[in-house]
Visitor: 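Quick one: the structure is below, questions incoming.
All figures in this text were calculated on a predicted structure; none of them were measured in a lab.
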Amino acid sequence: MPKESTHHPAELDPIIHPINRLKICATLFSAGATDGRQMKYSLLADLTELPADTLSKQLKHLEDNGYVSRTREYGSTRAKDTVWVTLTEAGAQAYTQHVEALKAMTKGL
């Protein structure tokens, strides 16, 4: 009789897993926009190739779950405002664990 595996597969993070949120987290993480270092919203939009409305909606979901933080620098007009985005410590940890879970799954573990 085959022995049952006691290995528990790594869990994918349901907050990060949708592709657009994964792209956002991966972009912020790989650019070093963590630990208080920030990325301009406009650059994040360019790098992820997400439309502004999609990016904003996905950032809100990540922000509501404590994975990203946004700050706004006010310009002379709203059009001149600069929005900065960073992956929080919790977000960076969740992203790293999510990537490890994906790697484990691809190794057949």
Side-chain angles (χ1 to χ4, degrees):
M1 188 183 281
K3 193 175 181 181
E4 284 190 35
S5 172
T6 58
H7 173 75
H8 298 286
E11 291 288 322
L12 295 176
D13 188 309
I15 304 302
I16 294 175
H17 193 66
I19 192 65
N20 288 335
R21 288 187 223 142
L22 181 58
K23 285 170 70 172
I24 292 166
C25 292
T27 301
L28 291 170
F29 189 85
S30 65
T34 59
D35 301 321
R37 286 179 239 116
Q38 300 174 323
M39 176 181 283
K40 278 187 178 182
Y41 176 92
S42 57
L43 178 59
L44 182 59
D46 288 344
L47 294 174
T48 58
E49 299 180 336
L50 294 173
D53 59 334
T54 300
L55 178 57
S56 183
K57 180 180 177 184
Q58 298 307 318
L59 282 173
K60 171 123 178 61
H61 195 74
L62 289 166
E63 192 173 31
D64 288 350
N65 285 280
Y67 287 12
V68 300
S69 174
R70 288 187 280 186
T71 55
R72 179 180 295 271
E73 268 180 27
Y74 293 95
S76 57
T77 65
R78 183 161 174 89
K80 293 184 179 181
D81 289 358
T82 303
V83 176
W84 296 92
V85 184
T86 188
L87 198 57
T88 64
E89 185 177 329
Q93 182 177 357
Y95 171 75
T96 301
Q97 290 173 347
H98 186 79
V99 170
E100 289 305 314
L102 288 170
K103 286 178 185 177
M105 290 175 75
T106 62
K107 290 180 183 174
L109 297 178

Visitor: Per the salt bridge (Lys or Arg N to Asp or Glu O under 4.0 Å) rule, what does the pair list look like for residues 52-62, sequence neighbours excluded?
Guide: Lys60-Asp64
Visitor: Excluding sequence neighbours, so at least two apart, what forms side-chain contact (heavy atoms from CB on, under 4.5 Å) with Glu49?
Guide: none
Visitor: Does some side-chain heavy atom of His98 sit less than 4.5 Å from a side-chain heavy atom of Leu22?
Guide: yes
Visitor: Could you tell me which non-hydrogen atom of Gly66 sits nearest to which non-hydrogen atom of Ala90, and how far apart they are?
Guide: O-CB, 3.9 Å
Visitor: Leu28, Val99: one ILVMFWY side-chain cluster at the under-4.5 Å cut-off?
Guide: yes
Visitor: Filter on ring-ring contact (aromatic ring centres under 6.0 Å, His included), then keep only pairs touching residues 28-52, sequence neighbours left out; what's left?
Guide: Phe29-Tyr95
Visitor: Please round to the nearest 0.5 Å and tell me the distance separating atom CD1 of Ile24 and atom CG of Leu50.
Guide: 5.5 Å
Visitor: Out of curiosity, His17 NE2 to Glu11 CD, how far, rounded to the nearest 0.5 Å?
Guide: 12.0 Å
Visitor: Distance only, no hydrogens: is a donor on one side chain within 3.5 Å (strictly under) of an acceptor on the other, for Gln38 and Thr71?
Guide: yes
Visitor: Is a donor on one side and an acceptor on the other found under 3.5 Å between the side chain of Thr34 and the backbone of Leu87?
Guide: no
Visitor: List in chain and number order the residues that pass side chain to side chain donor-acceptor pair (under 3.5 Å) with Asp13, two or more places apart in sequence or in another chain; answer none if no residue qualifies.
Guide: Tyr67
Visitor: As an exercise, state the distance from CD of Gln58 to CD1 of Ile19, rounded to the nearest 0.5 Å.
Guide: 11.0 Å
Visitor: Can you sort out the partners of Leu43 under side-chain contact (heavy atoms from CB on, under 4.5 Å), two or more places apart, ordered by chain and number?
Guide: Met39, Lys40, Leu47
Visitor: Between Thr96 (side chain) and Ala92 (backbone), is there a donor-acceptor pair under 3.5 Å?
Guide: yes
Visitor: If you compare all heavy atoms of Ala94 against all heavy atoms of Ile16, which two are closest, and at what distance to 0.1 Å?
Guide: C-CD1, 3.5 Å
Visitor: Short question: side chain of Thr86, backbone of Ala33 - any donor-acceptor pair under 3.5 Å?
Guide: yes
Visitor: Give me each pair satisfying salt bridge (Lys or Arg N to Asp or Glu O under 4.0 Å) with a member in residues 20-37, each pair once, sequence neighbours excluded.
Guide: none
